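Here the structure is laid out as structure tokens; the discussion comes afterwards.
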2 protein chains.
Amino acid sequence: MLTKEQLETLWAEADEIYLNNISIDCVVFGFHEGVMKVLMLKSNNEDAWLLPGGFVRKLEPIDVSANRILKERTGLDEIFLKQFHVFGDPDRTKLHNEMYRDMLPAKKNFFDRRFISIGYYALVDFVNANPTPDVFSEVCTWQDINDLPPFQLDHELIFKTALDTLRLQLNYQPIGYNLMPREFTMPELQKLYETILGKKLDRRNFQRRMLGFGILNKLEETRKGGAHKAPYLYEFNLEHYQAALDGGLSGGW
Amino acid sequence: MLTKEQLETLWAEADEIYLNNISIDCVVFGFHEGVMKVLMLKSNNEDAWLLPGGFVRKLEPIDVSANRILKERTGLDEIFLKQFHVFGDPDRTKLHNEMYRDMLPAKKNFFDRRFISIGYYALVDFVNANPTPDVFSEVCTWQDINDLPPFQLDHELIFKTALDTLRLQLNYQPIGYNLMPREFTMPELQKLYETILGKKLDRRNFQRRMLGFGILNKLEETRKGGAHKAPYLYEFNLEHYQAALDGGLSGGW
DNA sequence: GCAAAAGTGTTATCCCTACACCCATGC
DNA sequence: GCATGGGTGTAGGGATAACACTTTTGC
């Protein structure tokens, strides 16, 4: 819980360095042990969870802001980030504003404002991310997207919009590179797609389609140790992957 | 050309009623006589053209802002509008800022600021639109998208991004309703698609696909007066059209 | 009657879907 | 050896793409 003094310092700083009225919220997807996760923060004022977010420095490009915010929350650099929607309802932070209004005089309170929020979604490497809370939160952790805690503000809408966008993007762009470890098996990759889409796919057709994209290199090794036939390992062919990102894939699920 | 006094009044008003640092720019598409048009304004300070734009009132939802701005520029209400991208480079309005900096003291100048611009594209009825300049421009008119004048600021990027987005949307959504007159022929509709996509389509396959969507009603009448065989007229089936908008179409070109 | 535009139908191909059999491994 | 998961191939159906002939109309 922040003290009144801390809040006043924060406010003073924020007003100096950030643009007023604009915020950024990020939906950070990770994938681990066959489960799709999203990074969330538990507010230290309420029993509700938020997406990682922040503000835009006065002379900072917004993509850089989003990167900076996520670097603070995950320790990762060079994150795959895409803006997907702007949330511009004047009432979207109403509850939030009222909370802070009790703590500081409204007139001079950076946080008691309307914020138009630019939504970004991010695909990150679960294993190397190091979730770190910010000053407004006590916990920063991954949540299973099928078992989410209660959201604060309009963050549930932001999350859902991001997931819908990601599902659509799946038809146009390869997405595995940022979410899978460097080497992976076809069933593992399939699990990722199934998790995002929320439905089962046919093993054989999935494999054919993926290979058809030409973005995978089949490796010689197999993943030993499983209780059954050892699956082959694959890695992404970065050159073709990048070309697919730029040029787009085709078709739909 | 605005006088210094007018600018000062504008500045004072703007600071009162609009959010700082946020703007909206609109790419307004119209279609007339087989040519795709975009609405543009000629700045009264420079020999360069701008997309219609404006600012967000302090308590106004951003979608409402976009509608309001376009109502001022076209006289139309209930415009088909979709936000498509945020342009957040701090230098995007640099030249613009310098221009206004000469006219008013920077510190107190609403226009000498960084603006993060939310891009909307709009599809409007060319015939009923009534292009009207704003206070910063002397001309507001339609421009052929294949023969565009020089753009100011980053408005060329905004335009191109909008067109790319529209092309993608074509795969998911019907778009004719907002661009065509109430009754139209199949070749006319095809021309619209060809203009947006920038390529020729097969007459027969186009017709089959369109009819397959089930969003058209074939009318009894034909368009007389042409120098050749009279084509049938169609109208959109609004119920099915709306369903297609909500549910999405399928496939790709 | 001829040129130009519009109406309509057929075929081939590709891609996606659905489905079946064999192989490797751990218990 | 048997259950489980993984590797691979094939046949059918639906949609798209390519393509040709006929009809109408103004000159």
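What you see is a predicted model, and the numbers here were worked out from it, not measured in a lab. The figures here come from the full heavy-atom set of this structure, side chains too, leaving out hydrogens, waters and symmetry mates. Residue numbers begin at 1 in each chain, while the letters A, B, ... track the order of the sequences.
Look at CG on B/Leu219: it is 13 Å from P on C/dG7, rounded to the nearest Å. If you take CZ of A/Arg209 and C1' of C/dC15, they are 9 Å apart, rounded to a whole angstrom. We find that CG of A/Leu189 is positioned 12 Å from P of D/dG7, with the value rounded to whole Å. For the pair B/Gln207 CD and C/dT10 P, the interatomic distance rounds to 15 Å; values are reported in whole Å. The interatomic distance linking A/Met210 (CE) with C/dC15 (C1') rounds to 15 Å, in whole Å. Rounded to whole Å, the distance from CG on A/Leu211 to C1' on D/dG7 is 11 Å. Protein atom CZ of B/Arg223 is 22 Å distant from nucleotide atom P of C/dA4, rounded to whole Å. The nearest whole Å value for the distance from the CZ atom in B/Phe213 to the P atom in D/dA15 is 12 Å.
Screening A/Asn67, A/Asp63, A/Asp25 for a side chain to side chain donor-acceptor pair (under 3.5 Å) involving A/Tyr120 leaves a single residue, A/Asp63.
Looking at B/His240, its side chain does come within 3.5 Å of a backbone N or O of B/Gly214 through a donor-acceptor pair. Judged purely by atom type and a 3.5 angstrom limit, A/His32 has no side-chain atom pairing as donor or acceptor with the backbone of A/Phe126.
Salt bridge annotation for B/Glu188-B/Arg223: present, with a cationic side-chain nitrogen under 4.0 angstrom from a carboxylate oxygen.
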Using the side-chain contact (heavy atoms from CB on, under 4.5 Å) rule, take A/Asn128 and A/Leu76 through it: C-alpha gap first, then chi angles, then the decisive distance, then the call.
CA-CA 8 Å; A/Asn128 287 316; A/Leu76 299 174; 4.0 Å; yes
Apply side-chain hydrogen bond (donor to acceptor under 3.5 Å, both in side chains) to the pair A/Ser117 and A/Ser23, showing each step before the final yes or no.
CA-CA 5 Å; A/Ser117 195; A/Ser23 62; 3.1 Å; yes
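If you check the side chains of A/Asp164 and A/Thr161, you find no donor sitting under 3.5 Å from an acceptor.
Ring orientation note: the planes of A/Phe236 and A/Phe184 are tilted relative to one another, at an angle of 30° to 60°. The aromatic rings of A/Phe80 and A/Tyr121 sit tilted, their planes meeting at an angle between 30° and 60°.
Across the helix from C/dG1-D/dC27 to C/dC27-D/dG1, the helix axis at one end is tilted relative to the axis at the other end by 10° (nearest 10 degrees, each axis from five pairs).
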How would you summarise protein contacts on nucleotides 18-27 of chain D per nucleotide, using B for base, S for sugar-phosphate only and - for none, with heavy-atom distances below 4.0 Å?
BBB--BBBS-
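Here A/Lys218 does not reach the OP1 or OP2 of D/dG7: none of its side-chain N or O atoms lies under 4.0 Å away.
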